[in-house]
Amino acid sequence: MAPKAGSEVIVSPYQGLDDRAFWRSGVVEAGTYPPPDIYRPKFPIAKNLPIFTAGSCFAQHVGRTLANAGYHVIDTEPMPDWVPAELAHKHGYKLYSARFGNIYTVRQFLQLLQEAFGNFKPADPVWEKDGRYYDALRPGMTPGGLARPEHVMESRAYHLRAVQEAVAETGMVVFTLGLTETWQHKPSGTVYPTAPGTIAGRIDLEVHSFVNFRASEIRKDFLTVRKIFRAANPDVKFLLTVSPVPLTATASGAHVLPATTYSKSVLRTVAGELAEDFDDIDYFPSFEIVSSHPSAGRFFEPNLRSVKPRGVRRVMRAFLNAHENKPRTKEVRRAQRRALQEDRTADQKAAIAEDVICEEELLEAFRK
Amino acid sequence: MSKALIIGSSHVGAYKNAADMFAELYPEAELDYFGVRGPLFLSGGIDKAGRFIVPFRDEKDRAFVVTTNGSESVATSGYDHLLLVGHRFAFVNFAALLRDHDILEGARTDKPRVISEVMLREIIETVTDMTVKDALRGFEDFGGTLTFAMAPYPASSIIERCGELELADVLDSFWAQPDAAWVYDTWLNHLRNALAAKGHHLLEQPDAVNDGLFATKPKYARKAATLNDGTLGKKDHRHMNADYGLAMLSAFAETRLGLTPQGAMRTSPQKKKKERIA
């Protein structure tokens, strides 16, 4: 908060600002990590507000945590609780508000919504591999594929109705921006979540091309996404996050490290500007909590890419604490330190980490 | 003389009520019965001393078991066979899934969602395996083969209770589903194989008592009796009578004990055969 002009003599515009505004008090001497007060929600989230979750693989954690914390996360393609979660996840259930799988780019999200409402027809929607057929717009959702292309199309028609239903009841959209890079069908502009040939289909460089979306394109796409949701509910709110998961591979020609930094910087910029420009859009700094240098990489697995369960817990705890208005008393800080210790212990014991479905892992496999 | 112990939930009542008829037909078999409430049965097991014990929730539980069986546990040693009665192996869950889903590769009945055959099969197999694992928990120390008889399939007349009983609604919808047979066969075959893979056996309901898939003829639910011989309400479509108990015990005697019926009802199977030919 900026200091008010008045009787006080203003020496510096930084005088009187909260601790959170200064690196030393806000980070170095904060006592806990993530620092308390790292996030101040722009608007409250009532437990009964229907939440639409989507995004890149990190978004699965967000949806799961919100649901476990008692928030109303929409699921219009549900599976009963007695179906083992691992099995449901494998087939794309219980991940997001409908069975669309990971949505890595805003363009992919926009396309899905436009298709659901009859305003977009994807090119080459069915991919084949070894005599089995896959939905090109969510190829990871049917492991092993389906027997006939008609089954893919019919399944997609049901899915699109479920997306429509989800949009119609949405009170808030939680979206995790994941990537700027993707592959598109050049003549139609259709983008796919995985490059053709990765899970199924075939790459044809005459038809398919690499695209690395610019900030202006992503912003424009997101504003159209917003328009679609607002058409169903003018009071809908948006919460954006940026995935801290680095690129598995880049097709940009750059080294993957600067390519990752570039991509995440673009996404962070778009998210930040949208949150600054619109009252109904908020930004939660999960990316910063996990990826910025004060975390010293300790939230990443040895592959320096997958986020450790501890990192996810820390991010989601910061989010829930902020939204549930938990006072940051000494007791709370003590509890946070205890939780930190428990996190470490849990990590050591964790035989099975909470897994996320991430098609990008396939890229790594293809590298070999 | 074959000696078998029948342990189970309230459905043991139907078997117990058939005990006299069974003894006439199969004098070479000696059967003992131990029945407890369903939840106790499902969480019971054999202790180090070889006794089947259950975790009583309260004194009322304990008193009921003692009143019914004469003791609060039963020794399993000395028996050639153990017949466990009352597991359901999750079939109702699979039927319930079809209330909202058509099978993608199958017929359409205007359900709001579709599920692929691959995923449905995976669910059936995975969940059935889990129920088999649960059913065997607590019986690890029993040396011999176990035979499992499921809780009776509900009487087909249960649809009288549609709108007031969820199970009735689920089964009504399931029986109307054109792909029901695929689901039922997938489940039953997998269950049979999963138990066999662990060295155990599934005692299936004989065709004569079945009224289609996962359904028992209503006549077997008439005058059904509880474990302590109290008559159940007319609306009970799950507990079966002594005729059902006899059919199951006969199937057990013939398939598991290797016995053939003797005495007054020896000609009964032939009559059935004639009926089938007619």
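Quick caveat, the model's predicted, so the values are computed rather than measured. Note that these values count all heavy atoms, side chains included, but never hydrogens, waters or copies made by symmetry.
- Contacts of B/Val127 with chain A are made by side-chain atoms alone, with heavy-atom separations under 4.5 Å and no backbone atom involved.
- Counting heavy atoms from C-beta on, the side chains of A/Met79 and B/Ile123 come closer than 4.5 Å.
- Contact annotation for A/Leu146: only side-chain heavy atoms (C-beta onward) come within less than 4.5 Å of a heavy atom of chain B.
- Under the 4.5 Å side-chain criterion, counting only non-hydrogen atoms from C-beta, B/Val118 is in contact with A/Arg132.
- Other residues, nucleotides and ligands contribute more than 12 heavy atoms inside 6.0 Å of the NZ atom of A/Lys47.
- Closest approach of A/Tyr158 to B/Lys111, counting heavy atoms only: CE2-O, 3.7 Å.
- Side-chain atoms of A/Thr142 and B/Ser116, non-hydrogen and from C-beta on, never get closer than 4.5 Å to each other.
- Atom CH2 of A/Trp82 is separated from atom OG1 of B/Thr131 by 11.0 Å, given to the nearest 0.5 angstrom.
- Residue B/Asp58 qualifies as enclosed at atom CG: its count of foreign heavy atoms under 6.0 Å is above 12.
- Taking a 6.0 Å sphere around CD of B/Glu166, one finds it holds 12 or fewer heavy atoms contributed by other residues, nucleotides or ligands.
- Comparing B/Glu117, B/Glu105, B/Met130 by how many heavy-atom pairs each has under 4.5 Å with chain A, the most go to B/Glu105.
- Contact detail for B/Thr126 and A/Pro84: the closest heavy-atom pair is CG2-CG, 4.1 Å.
- What you find for B/Arg113 and A/Glu77 is that their closest heavy atoms are CD-CA, 4.0 Å.
- The two residues A/Tyr93 and B/Val114 make their nearest non-hydrogen contact at OH-O, 3.9 Å.
- By the neighbour-count criterion of 12 heavy atoms within 6.0 Å, atom CZ of B/Arg108 is densely surrounded, having more than that number from other residues, nucleotides or ligands.
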